[in-house]
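The chains referred to below are lettered A, B, ... by the order of the sequence lines, with proteins before strands, and numbering in each begins at 1.
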Amino acid sequence: MSEKLFFENIKGFIAASFKATPSFGQNLYLCGFKFRILFKKEKMEYNFAEIEPKWQKYWEENKTFKTPDDFSKPKYYILDMFPYPSGAGLHVGHPEGYTATDILSRYKRMRGFNVLHPMGYDAFGLPAEQYAIQTGTHPAITTNKNCDNFRRQIKSIGLSYDWDREINTTDPKYFKWTQWIFKQLYNTWFDEKQQKGRPVSELVVPDEIKEKGEEAVKKYIGEKRLAYYDNAQVWWCDSCKTVCANEEVLTDGSHEKCGNQVVRKNLKQWLLRIPHYGERLLSGLEKLDWPEGVKDMQRNWIGKSTGAEVDFEIEDLEKDLRVYTTRPDTLFGATYMVIAPEHEWVNEITTSDKKDAVETYVKAAALKSDLDRTDLAKEKTGVFTGRYAINPVNNKKIPIWVADYVLMGYGTGAIMAVPAHDTRDFEFAKEFDIPVVCILDPKDVENRDEILKGDACWTEDGEYINSANKETGLDINGLNKVTGIQKTVEWLERKNLGKATVNFKLRDWLFSRQRYWGEPFPVIHWEDGEVTLVEDEDLPLELPDLEEYKPSETGESPLANAKDWLLVTDKNGRKGRRETNTMPQWAGSCWYYLRYIDPLNEDSIFDVKKEQYWMPVDLYIGGAEHAVLHLLYARFWHKVLFDLGVVSTDEPFQKLFNQGMILAFAYETNTGAKVSSDLVEEKEGKYFHTETREELKQIVAKMSKSLKNVVNPDDVIDRYGADSLRLYEMFMGPLDERKPWAENGVKGVFNFLGRAYRFFAESENIVEGTEDKEVAKLLHQTIQKVEFDLEHLKFNTAISALMVFNNLVIKKGKVNKETAETFAKILAPFAPHMAEELWSKYGNSKTLAYESWPAVDESLLKEDSFEYPVSFNGKMRFKIEIALDMPKDEIERAVLADEKAQKWLEGKTVRKFIFVPRKIINVVVG
RNA sequence: GCCCGGGUGGCGGAAUUGGUAGACGCGCUGGAUUCAAAAUCCAGUUCUGGCAACAGAGUGCGGGUUCGAUUCCCGCCCCGGGUACCA
């Protein structure tokens, strides 16, 4: 029996016996003896396990966070990167970003914004399919189960999502529109002149094409479409039985999803012409409020370079070899040419006596994976074709080589090599004893002589030498790089030998996978070779049920086995076959932020007015792992939709912020065996195995099953509650930094919440009357600080400000009701359950989620004096309180006359007196 | 190699960007409460020396600018992320 219960039981007896009702904790005098009632007065214990479910239920039942499309209010769209619902459930890394956005959402609501804050699931993906292959369970079943678990976990954190807007990429009602967007891409071409995507119906087919007939017209249009179907050399993962996009292949040649080595394969694939949007994707970055690092990564990925294409005559061939170079200014230094082994003209260029050597080399290169080619980067290989080209600037004969350091996929697949001024060419030239001709004098550098002799490579700016030819009329001697390039390009264009060109690293996006669990393409391949799209009214094209989810050995997706679904006949009896590839996981996540705007709309992708109101996303928070791909792909789709007039903004995400990864401590023995964290004991900074007593090494690492260091938010909530979880996620450190999870830290914020609750929930502490000056001042400083920090996403310091305030009021022992209510309000975004509980305790019947954020009373913040730190020669020695309106010379007199100053002035003269208002006083003595 | 971040007490981290280095929290030490423990409360806690007042040192390392540098400049070292023959 608890003390309290025991007291309740005997209270009636005491009352009857002594004609007085005792209260819990009172002393009792009985027959002259003092009986202290052993039970102390009950404290307002912080019972999160009772408070939190209660408010979660309240929010759910009252649809507190249902977002109206109220166009009269200012809007704020705050978005999380939606999760892939894995079977493992959430780990504490997920709620980091979710908590941050939730705090801001709650804060913005209190500031009067109509806040759109939705959540959903990016639920297509490999794990559910692999599970289906093993067990025969339909991926939809696994997926729904996982989504249910994610939803339960997310709700238990008290996040204020509008659950009526929940979306799921695997829901046919959702992917109907993913398929619809694919159709738009297919029916769009990119107008280079207007730098804009336009409907294929507006594409003007040149007469000479029309003359060739319908096939030629179709081909012409097909080559312009943003989505096209073609044979593509792709990376094939034999273990996943699927192709992988370039970007899914890691630099060591392994598949990022499974770790197995990938191989080359030639397959019919869907591809998207994202490079057409290279320029727009690049320039669009400028006006975005994104971390510079992410912008840089996207810029690097897009990889724009400006240079020139130059045509070289080939000796004894009626052909010009076209190269791309960023350094047309170095043409005078070109001493050889290189074509890629895959170059179309290799055979033609190669002279008969070199045929064998070249063929052998080309074959060997084809067998090498890109991995090997990069691995052997240190040693350049190549073989002479026997053929020469003519350098247009000086009509000199230079040999043409084949070498695999030149890639077919970039530029023209052929280069002019300038060993004196390009490190790769230099290495190659040294390897094969090709002359190195320096044409750029670096002037003031240590190894200038070496460079001039051609014994070293110089890639920076300088002054041209040996760069003139009377016959051709080009002379750039004495110029520097910028003007040299300019003049050479002008010369090339005038002579019709070349032209300025822009190149992008960005490649066509491989947009199909040989999988079951993805969006089916709304495409039919007919027996006569025609390709048509499924009509809008027949969307969504759903996935067929299968008995077997295994991919076929040929590389076709499991959909090829669904004969009923696969084979179609049109009204004329023509037979067709549906596309068996499915879309990659990126598809659903490329536009989900648009569907939240109007998730239940069955007639269109969304309502135009709603889109105009809600877009763009004001703040998008997620992991840095999506810095390039997801964000680039989504921007690409968005720009196409913008060009087609579907969306009203050119960019989808105005502000982006990356949360840092949450790491965890892991423990290992001397032999490297991992020890589960709950079997570890700390003693004086050392770690021991609780059972074997062995000393362990602490490491910080990503959370993973194999390291036995995964922290599950369910456990944290069980032990400390959702508010503590939320607070700790934010208190750990800056949102964008990586940081290790420490259970003790959770205890710290839990203590804070407990202290705050015990104080603010205790009615005795909440009194009538005007507030204590110090408390009032700090309260308003705290409001200001929290506001500032929230606007700057500095959650950790905002929480620390709340702690500082809490510490003060506990010391003071009492506050007035206004202060208590204000505290509840500013605590609300962070610890909403507890704030609601306090708010209702103060007699409010409505949720405080829409109470207005307290205004800072500037008059309380005014200071009339400042405690200046006084330094001597830059070293702080003592402090002195000085009125803010005191003139400088008076301050100097006061400081120098102060008795504490005498010690530092003794035997010295004051050289300088520095006074910075509200900052510091520094006396320079010597 | 190149491009981005980042190095501050025993630990996580503050310092509103040139002005009191170490806020807040953890841990630790001491005390109160308790039969005892847990919980809670109070005090202390950068390091070195000293009982203390106090003094000296101190923000990865070495220089520099400045009255004053965690903050700016130059040269290094280490850690993390991205990228990789892109002509």
Side-chain angles (χ1 to χ4, degrees), chain A residues 40 43 45 251 291-297 299-301 303-305 307 323-327 330 338 370 373-374 376-378 380 403-407 409-418 422-425 427-428 503-507 624-625 627-628 658 660-661 663 665 682 684-685 698 727-728 731-734 736-749 751-752 754-755 758 784-785 788-789 792 794 796-797 799-804 807 810-811 867-879 903 911-914 916 918-925:
Chain A
K40 282 174 292 179
K43 283 237 186 85
E45 272 313 315
T251 41
E292 275 311 312
V294 175
K295 288 193 191 180
D296 277 339
M297 279 163 71
R299 284 187 194 112
N300 287 337
W301 196 262
K304 179 183 174 176
S305 79
V323 302
Y324 173 71
T325 176
T326 53
R327 296 291 304 275
T330 59
V338 184
D370 266 15
R373 276 167 77 156
T374 37
L376 297 172
K378 269 136 211 138
K380 296 274 186 288
D404 66 5
Y405 81 91
V406 171
L407 307 174
Y410 187 78
T412 62
I415 62 158
M416 65 174 209
V418 186
D422 181 285
T423 47
R424 294 154 305 182
D425 298 343
E427 280 168 27
F428 189 86
N503 247 306
F504 292 96
K505 272 203 282 190
L506 191 62
R507 301 296 161 78
E625 65 273 23
V628 177
N658 291 130
M661 194 187 303
L663 308 170
F665 294 112
E682 193 198 333
E684 288 163 10
Q698 187 189 55
L727 231 54
Y728 181 60
F731 188 65
M732 294 174 84
D736 53 352
E737 247 150 66
R738 47 165 40 211
K739 46 215 174 265
W741 185 270
E743 163 121 12
N744 276 338
V746 190
K747 236 192 273 174
V749 294
N751 284 344
F752 158 65
R755 274 160 65 83
R758 284 188 293 274
Q784 197 175 43
K785 168 89 177 148
F788 180 89
D789 285 352
H792 293 85
K794 292 165 60 145
N796 54 333
T797 49
I799 293 167
S800 114
L802 292 171
M803 289 173 167
V804 171
N807 289 344
I810 286 172
K811 202 168 257 173
E867 191 179 35
Y868 281 96
V870 180
S871 307
F872 289 83
N873 292 342
K875 189 109 190 141
M876 210 282 283
R877 295 302 177 182
F878 62 89
K879 288 179 192 171
K903 180 175 171 188
R911 308 248 184 238
K912 209 167 181 182
F913 186 86
I914 287 146
V916 185
R918 283 177 171 276
K919 294 281 186 200
I920 205 173
I921 289 166
N922 189 18
V923 188
V924 185
V925 294

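Using a 30° and 60° split on the angle between ring planes, A:Phe428 and A:Tyr405 fall in the tilted class, from 30° to 60°. Note on ring orientation: taking the six-membered ring where Trp is involved, the planes of A:Phe878 and A:Phe872 are tilted (angle from 30° to 60°).
Across all strands shown, A:Pro734 has heavy atoms under 4.0 Å from sugar-phosphate atoms exclusively, and none from any base. Among the atoms of the strands shown, only primed sugar atoms or phosphate atoms (P, OP1, OP2) are found under 4.0 Å from some heavy atom of A:Lys794. Here A:Arg755 lies in heavy-atom contact (under 4.0 Å) with sugar-phosphate atoms only. Residue A:Asn807 is classed as a sugar-phosphate contact, given heavy-atom separations below 4.0 Å to backbone atoms only.
In this structure, A:Lys912 NZ and A:Asn922 CG are separated by 9.5 Å, a value rounded to the nearest 0.5 Å. One distance of note links NZ of A:Lys811 with CG of A:Asn807; it measures 7.5 Å at 0.5 Å rounding. Note: A:Asp422 CG to A:Thr326 OG1 = 8.0 Å, rounded to the nearest 0.5 Å. A distance of 10.5 Å separates OH of A:Tyr868 from NZ of A:Lys919, quoted to the nearest 0.5 Å.
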Which nucleotides of RNA chain B pair, in dot-bracket form (Watson-Crick or G-U under 3.5 Å, | meaning another strand) = (((((((..(((......[....)))((((((.......))))))((((....))))..(((((..]....))))))))))))....
For nucleotides 2-12 of chain B, print each protein N/O atom paired with a nucleotide N/O atom at under 3.5 Å, atom names and distance only.
residue : atom : partner  : partner atom : Å
B:G12   : O2'  : A:Met732 : O            : 2.7

Expected rows: protein N/O vs nucleotides 62-69 of chain B N/O, under 3.5 Å:
residue : atom : partner  : partner atom : Å
B:C67   : OP1  : A:Lys912 : NZ           : 3.3
B:C67   : O2'  : A:Asn922 : ND2          : 3.3
B:C67   : O2   : A:Asn922 : ND2          : 2.6

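Here A:Asn658 does not reach the OP1 or OP2 of B:G81: none of its side-chain N or O atoms lies under 4.0 Å away. Here A:Lys875 does not reach the OP1 or OP2 of B:C54: none of its side-chain N or O atoms lies under 4.0 Å away. At B:U20, none of the side-chain N or O atoms of A:Arg877 fall inside 4.0 Å of OP1 or OP2 (strictly under the cut-off). Between A:Lys903 and B:A55, a side-chain N or O to OP1/OP2 separation shorter than 4.0 Å is present. Applying the 4.0 Å criterion to OP1 and OP2 of B:G1, one finds that A:Thr423 has every side-chain N and O outside that range. A close approach under 4.0 Å does occur between a side-chain nitrogen or oxygen of A:Asn751 and OP1 or OP2 of B:C26.
Picking from B:A87, B:C24, B:A43 the nucleotide with the shortest atom distance to the side chain of A:Leu407 gives B:A87. Among the nucleotides B:U16, B:A87, B:C26, the one closest to any side-chain atom of A:Phe788 is B:U16. Checking B:A14, B:A87, B:C85 against the side-chain heavy atoms of A:Thr797 singles out B:A14 as nearest. In this structure, of B:C41, B:G25, B:C85, it is B:C41 that holds the atom nearest to the side chain of A:Arg758.
Each of A:Val804 and A:Gly409 has a nearest nucleotide on RNA chain B; the 5'-most of these lies closest to A:Val804. Both A:Asn796 and A:Gly748 sit near RNA chain B, but only A:Asn796 has its closest nucleotide nearer the 5' end.
One can place NZ of A:Lys295 at 19 Å from C1' of B:G81, the figure rounded to the nearest angstrom. With rounding to whole Å, A:Tyr410 atom OH is found 17 Å from B:U83 atom P. Taking atom NZ of residue A:Lys919 and atom C1' of nucleotide B:U17, one finds them 9 Å apart after rounding to whole Å. Rounded to whole Å, the distance from CD on A:Gln784 to P on B:U16 is 15 Å. One interatomic measurement links the two molecules: CE of A:Met876 to P of B:A55, which rounds to 10 Å at whole-angstrom precision.
Separating the P atom of B:C11 from that of B:C47 is a span of 11 Å, rounded to the nearest Å.
Anti is the classification of B:G30, since its glycosidic angle lies more than 90° from 0.
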Intermediate values then yes/no, side chain to side chain contact (heavy atoms under 4.5 Å, CB included), A:Ile415 and A:Thr325 = CA-CA 7 Å; A:Ile415 62 158; A:Thr325 176; over 6 Å; no
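Checking side-chain atoms of A:Asn503 against main-chain N and O of A:Ser305 turns up no donor-acceptor pair under 3.5 Å. Here the side chain of A:Arg507 pairs a donor or acceptor atom with the backbone of A:Lys505 at under 3.5 angstrom. No donor-acceptor distance shorter than 3.5 angstrom exists from the side chain of A:Tyr728 to the backbone of A:Trp741, with no hydrogens or angles considered.
Using a 4.5 Å heavy-atom threshold, the side chains of A:Ile920 and A:Met876 count as separate.
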